[in-house]
Colleague: 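Structure provided below as structure tokens; questions to follow.
Chain A is the first sequence line, chain B the second, and so forth, proteins listed ahead of strands; every chain is numbered from 1.
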2 protein chains.
Amino acid sequence: MSGTVRGPLAPSEAARVAFRPVGVDGVTVTGGFWAERLSVNAAVSIPEGWQQLHRAGNVGNLERAAGGGTGRAVGDIFADSDVYKWLEAAAWEIARTGDGALRERQRELTRLVASAQAEDGYLDSMVQLRGIARYSELGWTHELYCAGHLMQAAVAQVRGTGDTALLDVAVRLADHLVATFGPDGSHELDGHPEIETALVELYRETGTRAYLDLAGWFVDARGHGTVAAYGRDSTYFSDRVPVREATSVEGHAVRAVYLASGAADVAVETGDDRLLDAVAGQFASMTATKQYVTGGLGARWEGEAFGDPFELPSDRAYAESCAAIGGLQWAHRMLVATGDERYADQVERMLLNGMLPGVSLRGGEYFYVNALQVRNGAEPDDQRNPVNGRLGWFSTACCPPNIMRTLASLGAYAATTGSGDGPSLQLHQYVHGTVRAAGFVLDVETDYPRDGRVTVTVRDAPVEEAELAFRVPGWAQGATVDGASVEPGLAARRRRWTAGDRVVLDLPMEPRLIAADDRIDGIRDSVAIAAGPLVFAVEQADLPDGAEIDDLHIDPEGPLRKGEPDATLAVPTVAAAGWVHRHGPRIDPYPPAGGGAPERRSVAFRAVPYFAWANRGADAMRVWIPAR
Amino acid sequence: MSGTVRGPLAPSEAARVAFRPVGVDGVTVTGGFWAERLSVNAAVSIPEGWQQLHRAGNVGNLERAAGGGTGRAVGDIFADSDVYKWLEAAAWEIARTGDGALRERQRELTRLVASAQAEDGYLDSMVQLRGIARYSELGWTHELYCAGHLMQAAVAQVRGTGDTALLDVAVRLADHLVATFGPDGSHELDGHPEIETALVELYRETGTRAYLDLAGWFVDARGHGTVAAYGRDSTYFSDRVPVREATSVEGHAVRAVYLASGAADVAVETGDDRLLDAVAGQFASMTATKQYVTGGLGARWEGEAFGDPFELPSDRAYAESCAAIGGLQWAHRMLVATGDERYADQVERMLLNGMLPGVSLRGGEYFYVNALQVRNGAEPDDQRNPVNGRLGWFSTACCPPNIMRTLASLGAYAATTGSGDGPSLQLHQYVHGTVRAAGFVLDVETDYPRDGRVTVTVRDAPVEEAELAFRVPGWAQGATVDGASVEPGLAARRRRWTAGDRVVLDLPMEPRLIAADDRIDGIRDSVAIAAGPLVFAVEQADLPDGAEIDDLHIDPEGPLRKGEPDATLAVPTVAAAGWVHRHGPRIDPYPPAGGGAPERRSVAFRAVPYFAWANRGADAMRVWIPAR
């Protein structure tokens, strides 16, 4: 038995999946690295988020819409969705900790949402207030995108708290959509995918087949160039190539990965292997040619978009926090669908190095854009530019509540149960706490990813022979289980288990250097520092006086060792050595080839985990360090 | 005596300048490389541009505005400016060739412009048709930008053709602006600089001091964060830092360099050395840290903007054709103001490698964006993306007529006269033809930049001792004048000259490799091929079968020699050698460091001048070639 509280992804009994996610109470996080992050999420991010949503006007919009009629609409057209993502975060958090004050706020906000809904089920406060005809400008109005986030919040609320108030709203809205869109209805499409995955989950929760059918229809309706807005072409909207025919991802990164997640959901629920193969191919192409080493997705500010293959500049990386979240949701779905453990590696990469940098260690400041390089003297030309440091909120505030809901439901990503012979339990992400699934109760002790040891003690187990399997990450050369070498993938141990049995997994956490495909021009002849699953960054503050990040080179043959953990940041560090170039006055950046190299000065420096950068002020930084 | 037809830049007698530009008839282009380009401009670009302006609706807007009232306004808010730039091109072309048919079209269009002007002098067809309150939304309406282009066209018309019809319109509009803006009037600023340089030139033409004063006021009013539009911050509008305090360029590239040109104009007319020093510092910073090797300006698609120092990616280079034009106008002004020949090198760089790529060899297709790299498999996501090839016109068609007017007035950039003791004539750009200035009549024979020899024969000369000076470009190591070595800068020959005297300048045109400042991450460990002033590009079509541009490396120690000129393109070529990497199936772009290098296959390939790329179809291309 998995946990009793189903998480954000709960395939139906009929779904064609390799694994089944445990519920959010299937994994209880009680200590170590992740407990700190989840505590911060509960104590700072979610409460401050509630205040920010009031301050920024999102709640006010719903209040005015509840009054009926039109009126002042504050913020982005998709302002409602930020409220829904917060409601989803609250639901998972209540399930996790039983927070009573939070439950009151959740109920209050839920009542407000319900009161803003029109009699026929329609709901979108911005469109209602602005008097825009419903669904008349779907390219930019995000009505179905907001509806999707409402449905996900409603599903979270019923699963996490048992309250059905928001589910009632979501069902009425979903029924309204079923009556409006589809083969016999409107053929308009929302500019921003999200409704697809949400409708599938609502189907899973309610059993209403029409929701799954409509999700499938939306997936297949896309790719025919019907969406238009902002003067952008169909590429931007993931609307140039049908999902079944696409061989890669393109356009707006968040839109692309949300759509792919929805397609994967439809595929497993309908047993559509061809559709699943298509999105698997897109995922493989994305990770091979369009993903940063941090897991970040989206190489272009212009259109918040994927670039061409191998177009992955560090300095202008967009790598929106929401894109990493969408990416790990997609990876999680592919893991569940296929059982291929490499997808779990990707969940980890995007979780630790793609999403986590998006929130400060304190928990109340956010990055929208996650550059892998900030130059000395970079200009703060845009609110989103990381040179400004993390901000308390954004005029477009999609990322903060997206991070909140993901962290609050973290446990659901950590383990699955198998569908093969007899009970089996797979541990994909290592968190300190208790795992209850497949008849097992396991105590997991670990400070991963700050440390590589994971000790699993069986507290209870199935009576029959059963399998415990541990993810050995792809980077983990030299990993052992109980001292025996294991290869990347799932290391499975099948036997009869009894209370007190213990398995010790040791993952190699020594610092190492990562190279890059030489077609990525932006980081040619550079290396990145990693230790375990963490990618590291060098900040200006960690260079000696007079040395600038822009001039830094690493000696790839030089010493590379664990440094003293940073006590303030509570993160591991890596000590490395290299040199800085001394540049003369700036005159001709394009001298004749064959000239002498600049004078070098040796430097020792340290690196901190990329997720922890810019917690001592935002300054120049780089992940990829020239190595020649 | 300079030519009798003053060009686009004609400082007043009182201006504090080192050189004085010759007029557009001071240099007559009669053969060689440039005659071909100017013929194409006259025979194809300008006539097709006239048709395009009708087809795109710019002319129709003026027609409807001439009828009074409001109505349908077609195209960008600054649609009028494209008409004005075409009118300016026509004026210089009429001065150059006396084209009668063109003169008729020019007069017809001039009458239309005049008829659209309001009684009080106001003129902007888009604002008139759309019923926007005048100057009420200057951040985006471009009213003063359009006014500036009208003034430049009017100045060109009176100088180039003697017609005063457009000048009358411009003066009425300028008087209207003087009555509206300034210390005692409106303090609003146009989102797009251009009015500054235009008002100075109108002052130079008319002697009306109020135009110069208003230009100076606009220059100094900028930089206080007053402009707002499109949700963009003041950086975008060159409105974050006062011109006198700025140490570099930032934001929208065209806006920034247009403003700097206007500031340079104000500085020389008012003898304001502090202002001139400020823009000189900005120019130096720009060329040292924010300019492509092609002279291209603007590293970001987002905001069409300059990036941070050394942020100069090849693949997403924006390098708008208009920015190169603005840049060379600025450089030309700095040359005239200071006499520093390095500015003439920059005029040449931006002319040949920055602007000229913006138009096809046929003359009727244009690039808006001038990337230095197009990857294999790049997606044509935007009309402006070079992967689409040059297009006949754009929805935003600022670049095509900007190229037309620059080519039509090319002669004015080629030579100046000095202000020192006795007559002196400086040749800055080498064109085949006749130069008449400072009492000289010179016959210049050259096919530069296809060949390095420039033969100057004196047909007439001042009776007294006089100086002839020749620009020796910064890249020209080993240049000779009459066989004697000369250093970069101005090689001056002062003596008494008589008809039949001959001077032979030989510039070294052997292919060479250019390196880059190692802080430019996007091109680390790469080199570019050049020969003379021309930067070269390698196109996919010039690689052997099975070799892809994305995999190309050059052997920097390998052979590099002149290739056979391409007969179809009528351009020189360079033959080089290197290798392509063979890449396996795409799996992990981030392998552990220290792994083996990919397998290599040797290849020979050729390069063509960058300005000539994409004339055999647009395909993958790169200027910077990895060299390790």
Colleague: Does a side-chain heavy-atom distance below 4.5 Å link A:Arg316 with B:Glu311?
Modeller: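 A:Arg316 reaches B:Glu311 side chain to side chain.
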
Colleague: If I measure from the heavy atoms of chain A, does B:Trp624 come under 4.5 Å with its side chain, its backbone, both, or neither?
Modeller: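 Contact with chain A: side chain only.
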
Colleague: Between B:Thr235 and A:Glu379, is there a side-chain heavy-atom distance shorter than 4.5 Å?
Modeller: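 No. Closest side-chain heavy atoms not under 4.5 Å.
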
Colleague: Taking A:Asp521 first and then B:Arg375, would you say they form a salt bridge - that is, a charged N and a carboxylate O separated by under 4.0 Å?
Modeller: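 The answer is yes: the pair qualifies as a salt bridge.
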
Colleague: Counting only heavy atoms closer than 4.5 Å, note whether A:Ser526 contacts chain B via side chain, backbone, both or neither.
Modeller: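 Interface part for A:Ser526: side chain.
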
Colleague: Against chain B, label A:Pro313 side chain, backbone, both or neither, depending on which of its atoms sit under 4.5 Å from a heavy atom there.
Modeller: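 Contact with chain B is absent: no heavy atom of A:Pro313 under 4.5 Å.
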
Colleague: Highest number of heavy-atom pairs under 4.5 Å with chain B: which of A:Ala515, A:Gly474, A:Gly377, A:Ala305?
Modeller: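 Sorted descending by pairs with chain B, the first entry is A:Ala515.
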
Colleague: Pick from A:Gln373, A:Glu250, A:Arg232: which one has the most heavy-atom pairs with chain B under 4.5 Å?
Modeller: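 Most heavy-atom pairs under 4.5 Å with chain B: A:Gln373.
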
Colleague: Of all the residues in residues 527-535 of chain B, which have a heavy atom that comes within less than 4.5 Å of a heavy atom in chain A?
Modeller: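 Only B:Val527 of residues 527-535 of chain B have a heavy atom under 4.5 Å from chain A.
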
Colleague: Between A:Gln291 and B:Tyr590, which heavy-atom pair has the shortest distance, and what is it?
Modeller: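 Heavy-atom minimum between the residues: O-OH, 2.6 Å.
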
Colleague: Which value, rounded to the nearest 0.5 Å, describes the distance between A:Ile549 atom CD1 and B:Arg519 atom CZ?
Modeller: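 Answer rounded to 0.5 Å: 14.0 Å.
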
Colleague: Is it the backbone or the side chain of B:Arg628 that comes under 4.5 Å from a heavy atom of chain A, or both, or neither?
Modeller: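 It is the side chain, since no backbone atom gets that close.
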
Colleague: Which atoms of A:Arg240 are under 4.5 Å from chain B, going by heavy atoms: the side chain, the backbone, both sets, or neither?
Modeller: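 For A:Arg240, the side chain is the part near chain B, not the backbone.
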
Colleague: Measuring from B:Ile520:CD1 to A:Asp315:CG, what's the distance to the nearest 0.5 Å?
Modeller: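 Interatomic distance, B:Ile520 CD1 to A:Asp315 CG, rounded to 0.5 Å: 11.5 Å.
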
Colleague: Could you have a look at A:Ile523, A:Asp551, A:Leu513 and say which one has the most heavy-atom pairs with chain B under 4.5 angstrom?
Modeller: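 Among the listed options, the one with the most contacts to chain B is A:Leu513.
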
Colleague: Sub-4.5 Å heavy-atom contacts with chain A: which residues of residues 592-601 of chain B show up?
Modeller: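 Residues of residues 592-601 of chain B touching chain A at under 4.5 Å: B:Pro592, B:Ala593, B:Pro598.
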
Colleague: Does B:Glu302 pair with A:Arg384 as a salt bridge, N-O distance under 4.0 Å?
Modeller: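 Result for this pair is yes, salt bridge flagged.
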
Colleague: Do you know which two heavy atoms are closest between A:Pro380 and B:Asp233, and how far apart they sit?
Modeller: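 Result for this residue pair: O-OD2, 4.1 Å.
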
Colleague: With side chains defined as the heavy atoms from C-beta onward, is the minimum distance between A:Pro626 and B:Arg524 less than 4.5 Å?
Modeller: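 Touching, per the 4.5 Å side-chain cut-off.
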
